Structures are given as structure tokens and as C-alpha cells.
Amino acid sequence: MPDPLAARRAQALEQYRRRADIYDFELTAFEPIRERAVERLALEEGHTVLDIGCGTGLSFNRLREAVGGRGQVVGVEQSPDMLAIARSRVHDGGWRNVRLECQPVHLSRLPARADAAFFHFTHDILREPGAIDHVLAHLRPGATVVATGLKWAGGWSWPVNWLVLGAALHSVTSLEGLRQPWDRLADALDDVEVETFWFDAIFVVRGRVRG
Ligand SMILES: C[S@@+](CC[C@H](N)C(=O)[O-])C[C@H]1O[C@@H](n2cnc3c(N)ncnc32)[C@H](O)[C@@H]1O
């Protein structure tokens, strides 16, 4: 019996194997969203933050500056090609407070009670209940969770949605849930706030772990 999750994982690994070398360039236009999203994490000195689906580590510098030398950034990424770039970034920066895990999220080794989790442009992960549950189980009550990404723009925004479709087709393995990609995550959070940008095609969602 074919395993649909394994097939999607293989597709995602191939997608990011092909994109790894040009990924940072492709993301340049989205950097203001990353800045806004990291700000929404409201990190403090000494915090441990999980960067879920960390890719090439484009968020690491901002995250590690926010948590300081006593804090820790844990990057989880299943693509060895993307993670190799993240690893060089950490090595070149001499960053001792960044730990990397090359695993699918649901199998990753995470700290017991992290203070925050960051899902930046990780649609596939947000649609995988096992991955969300695994991350939430490793956050303390009250921890901040921020998720961002592409979404279908509301209303009759078909020109915008053509662009969303084009971007999604080479970034995700399923368009399922693209209207509200955060809905499964938000079900488990309190104080959920949703902001949208770029003609409603990009979201930044923040919430807090219950308890
Ligand atoms: C669009 S990239 C975002 C990378 C990074 N968060 C950033 O801000 O640039 C999505 C990343 O999620 C990773 N990914 C997708 N599904 C995953 C899973 N189940 N476990 C771990 N990583 C996953 C992909 O390999 C890819 O590097």
C-alpha cells in the first residue's frame, strides 16, 4: 500500500534539492515579512526558539540576536540540501547557540519546553497534524507561536491568486488549506491574531499555547 505522506516527503525533498542554491535570492522580496514575523515572536533574552522548517537558516541571525548568548535557536529541516546551507551559515557566523536537526518535524528531537516556535513559509508543515502536535508538545504553556506564508487572497483577486498559485506550485506539495493555512495550528492556540499583507496573499499569525 503506497504511503501518501512518504510520497509527499519525497516530492518536497526533490523540490528543495532543486531550489537550495537559489533559495536565498528567491526570498529577498519577502524579507520585510520575516522581519515583521520575528518581531511578533516577542522573544526575550534567554529564550529557546524553534525554527520549524528552517530552510537555509535565513531567520537565524534575527532569532539569535533576539534570544542572546544565553538563549538557543533550534532549527529543524528535512532537506539535507537546504540544511547544508544553514549549517555553513552557522559555521561562518561562529554561532554556538544554534542547534540543527536534519529530520522531518514529527521525528525531530526538540527541547522539552521551548518558549516559542516559528513557522516561516512552511505550508506543508502547517497542514500536517503530526508535525503540529509534535511541536506543540515541546512548548511551555503561554509560549508564542508565529506562522507565516502564502494564502489565497479573498474576494475576486484572481490576478493576485495567479501569482500565489505560481509561487505555491514550486514551494508546497499540496494546495489543500491555502485559504486559511493556519487553521489547524490556531485550533490549539489562544489569543490568535491574523494579519495579512500583499493584497491579502500573505499572512502572519500569532497565538499562545494554552495552559
Ligand atoms: C519555503 S521553505 C521555508 C524555509 C525557511 N523557513 C525560510 O524562512 O526561509 C519550506 C521549508 O520547509 C521544509 N519542510 C517541508 N516539510 C517539512 C517537514 N515535514 N519537516 C521538516 N522540514 C520540512 C522544506 O524542506 C523547506 O526547506
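Side chains are part of it too, since the values below use all heavy atoms of this structure and drop only hydrogens, waters and symmetry mates. None of these values were measured; they are calculated from a predicted model. When a ligand or atom number is given, it counts from 1 through the structure's own listing order.
Using a 30° and 60° split on the angle between ring planes, Trp182 and Phe203 fall in the tilted class, from 30° to 60°.
For ligand 1 and Phe121, the ligand atoms under 4.0 Å from any heavy atom of the residue are 1 (C), 2 (S), 3 (C), 10 (C). Close approach of ligand 1 to Glu128 is summarised as follows: ligand atoms under 4.0 Å from at least one heavy atom of the residue are 19 (N). Of all atoms in ligand 1, numbered sequentially from 1 with element shown, those under 4.0 Å from a heavy atom of Met82 are 27 (O). Near Ser79, with a cut-off below 4.0 Å to any heavy atom, the atoms of ligand 1 are 25 (O).
Taking distance alone, with nitrogen or oxygen atoms compared against 3.5 Å, Glu77 approaches ligand 1 more closely than that limit. For ligand 1, the polar-atom distance check against Val105 finds a nitrogen or oxygen pair separated by under 3.5 Å. Note: an N/O pair closer than 3.5 Å links His120 and ligand 1 by distance alone. Considering backbone and side-chain N/O of Tyr23, one or more are found under 3.5 Å from N/O of ligand 1. Residue Gly53 has at least one nitrogen or oxygen atom sitting less than 3.5 Å from a nitrogen or oxygen atom of ligand 1, judged on distance alone. Any N or O atom pair closer than 3.5 Å counts here, and Asp51 shares no such pair with ligand 1.
Not a single donor-acceptor pair under 3.5 Å links the side chain of Arg8 to the backbone N or O of Thr173. Side chain of Asp115 to backbone of Thr48: a donor-acceptor contact under 3.5 angstrom is found.
Ligand 1 lies out of reach of Ser171, whose nearest heavy atom is not under 4.0 Å from it. The closest approach between Arg34 and ligand 1 falls below 4.0 Å for a heavy atom of the residue. The closest approach between a heavy atom of Ala12 and any atom of ligand 1 is not below 4.0 Å. Using a 4.0 Å cutoff on heavy atoms, Gln103 counts as a contact of ligand 1.
A salt bridge links Arg210 with Asp190; the closest basic N to acidic carboxylate O contact falls under 4.0 Å.
Residues Leu41 and Leu63 meet the side-chain proximity criterion, which asks for heavy atoms closer than 4.5 Å. Looking at heavy atoms from C-beta onward, Pro129 lies in side-chain contact with Arg184 at the 4.5 angstrom threshold.
For atom 14 (N) of ligand 1, the closest non-hydrogen atom of the protein is Ile125 CD1, 3.9 Å. Looking from atom 22 (N) of ligand 1 to the surrounding protein, the closest heavy atom is Gln78 N, 3.2 Å.
Contact annotation: for Cys54 versus ligand 1, heavy atoms closer than 4.0 Å belong to the backbone alone.
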- Yes or no on side-chain hydrogen bond (donor to acceptor under 3.5 Å, both in side chains) for Ser88 and Asp92, after CA distance, side-chain angles and deciding distance? CA-CA 6 Å; Ser88 309; Asp92 294 349; 5.5 Å; no

- Trace of the side-chain hydrogen bond (donor to acceptor under 3.5 Å, both in side chains) decision for Arg208 with Thr144: CA-CA 5 Å; Arg208 292 199 185 283; Thr144 309; 2.8 Å; yes

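Looking only at atom types and distance, the side chain of His120 has no donor-acceptor partner in the side chain of Ser59 under 3.5 Å away.
Here the rule is ring pair (Phe, Tyr, Trp, His ring centres under 6.0 Å) with Phe121, and of Tyr16, Tyr23, Phe30 only Phe30 fits it.
Between Cys102 and Gln78 the shortest heavy-atom distance is SG-O, 4.1 Å.
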